[in-house]
**Q** 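Before I ask anything, let me first share the structure, which is written out below as structure tokens.
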Amino acid sequence: MVPAVIVFGDSTVDPGNNNQISTVLKSNFAPYGRDYFGGQPTGRFSNGRIATDFISEAYGIKPAIPAYLDPKFDIRDFATGVSFASAGTGYDNATSAVLSVIPFWKEMVYYKEFQDKLRGYLGNDIANHHLSESLHLISIGTNDFLENYYPFPTRSSEYPVDKYEIFLIGIASNFIRELYNLGARKIAINGLPPMGCLPLERTTNIMHGSACIEEYNDVAKDFNQKLQDSVTELNRELGGIQLVMSNPYYKLLEMIQNPILFGFENVATACCGTGYFEMSYMCDRRNPFTCSDANKYIFWDSFHPTEKTNFILADHAFKTTLTVFR
């Protein structure tokens, strides 16, 4: 039985940590959250819940995972699930610097702080057991390519793309080792989605009729293979660890290629704004173009899935890679 879901990563799993920091990358205003409980924007980059909320619910824990930096919550809430994720961040420190968000290493600092609070709350032995049984979930990496490597020359002049992938996976592997050394035993790490199919990327691909950018999708597939190889090695290296890689790539691609099967009508554009390039502040309630029914769309804004898409991806992960933790 998993007693808690503990989350690290980027906007795919940030339930509102960015609300508490000084960055332009926020979503704590309408129409974000319009299909969330009470129709409230929380800082989740969606019209409703995100994938980790659904995973927590599937384990029978709670229907939403709180943000660690949200002052409304304390260790009693965090004991059954907490997210340290920050929208816009990446494995690479240079990625978090682009939009002044929380760097990945800082999420580990917060996690250690949380562990101390948990020991104070539950006592050492119970807390240690609790942590070893909790699912630690990591979802990150897209921003390293789409916000850092491709738009700016710094990293791309330093590394050919396959070497950059190796650089990122080295950071991921060390992060997992550190979690292991801190007592985590159940860990799931997410691969990359078909990032060339995000509306924002398709918009820039006018030359090819706004099709998915295959170069980016190929990079995602290549990265995922390297990540899977690393997961296999770490399972051999770290005694007693249960480490899995959850791969959203093919499920999301299936939805994009066969939308009717899932009840979607729009795959190339997003619900919010014109659907081509808006996210965060450009997707606000004053934007007249936002769609009325987000369930017909795979993407909510130009970068992030709708609640319905999040549910399908979470449900798929829960029934496939995450079954080992049930």
**Q** Which donor-acceptor pairs under 3.5 Å do side chains of residues 37-45 form with protein atoms, sequence neighbours excluded?
**A**
unit_1: Gln40; atom_1: NE2; unit_2: Gly38; atom_2: O; d: 3.2
unit_1: Thr42; atom_1: OG1; unit_2: Arg44; atom_2: N; d: 3.2
unit_1: Thr42; atom_1: OG1; unit_2: Arg44; atom_2: NH1; d: 3.2
unit_1: Arg44; atom_1: NE; unit_2: Asp53; atom_2: OD2; d: 2.8
unit_1: Arg44; atom_1: NH1; unit_2: Tyr36; atom_2: OH; d: 3.4
unit_1: Arg44; atom_1: NH2; unit_2: Asp53; atom_2: OD1; d: 3.2
unit_1: Arg44; atom_1: NH2; unit_2: Ile65; atom_2: O; d: 3.0

**Q** Side chains of Thr95 and Asp144: donor-acceptor distance under 3.5 Å anywhere?
**A**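 Thr95 vs Asp144: donor-acceptor pair found between side chains.
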**Q** Is it the case that the ring center of Phe145 lies less than 6.0 angstrom away from the ring center of Tyr164?
**A** yes
**Q** Are Asp10 and Thr89 linked by a side-chain donor-acceptor pair shorter than 3.5 Å?
**A**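 No, no side-chain donor-acceptor pair sits under 3.5 Å.
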**Q** Report the residue from Phe104, Tyr91, Phe84 that forms a ring pair (Phe, Tyr, Trp, His ring centres under 6.0 Å) with Phe8.
**A**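 Going through Phe104, Tyr91, Phe84 one by one, the ring pair (Phe, Tyr, Trp, His ring centres under 6.0 Å) with Phe8 is satisfied by Phe84 alone.
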**Q** Considering only NZ, NE, NH1 and NH2 on the basic side and carboxylate oxygens on the acidic side, decide whether Asp218 and Lys221 come within less than 4.0 Å.
**A**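 Salt bridge present between Asp218 and Lys221.
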**Q** What's the separation between atom SG in Cys197 and atom CZ in Phe299, rounded to the nearest 0.5 Å?
**A** 7.0 Å
**Q** For the CD1 atom of Ile50 and the OG atom of Ser56, what is their distance to the nearest 0.5 Å?
**A**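 Reported value, rounded in 0.5 Å steps: 11.0 Å.
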**Q** Is it true that Glu158 and Arg155 make a salt bridge, defined as a side-chain N closer than 4.0 Å to a carboxylate O?
**A**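 A salt bridge is present here (some side-chain N lies under 4.0 Å from a carboxylate O).
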**Q** Is there a disulfide (SG to SG under 2.5 Å) between Cys272 and Cys291 once you walk through the steps?
**A** CA-CA 6 Å; Cys272 198; Cys291 77; over 6 Å; no
**Q** With a 3.5 Å cut-off and no angle check, do the side chains of Asp229 and Gln225 form a donor-acceptor pair?
**A**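 Yes - a donor-acceptor pair under 3.5 Å links their side chains.
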**Q** Should we count CG of Asn124 as having more than 12 external heavy atoms under 6.0 Å?
**A** yes
**Q** Are Tyr121 and Phe78 near enough that their ring centres are under 6.0 Å apart?
**A**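 No.
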**Q** Charged N to carboxylate O below 4.0 Å: is that the case for Lys112 and Asp116?
**A** no
**Q** Apply the test ring pair (Phe, Tyr, Trp, His ring centres under 6.0 Å) to residues Tyr111 and Tyr68: give CA-CA distance (whole Å), side-chain angles for both, the deciding distance (0.1 Å), then the verdict.
**A** CA-CA 9 Å; Tyr111 175 64; Tyr68 183 65; 9.6 Å; no
**Q** Counting only heavy atoms not in Lys296, do more than 12 fall under 6.0 Å of its NZ?
**A** no
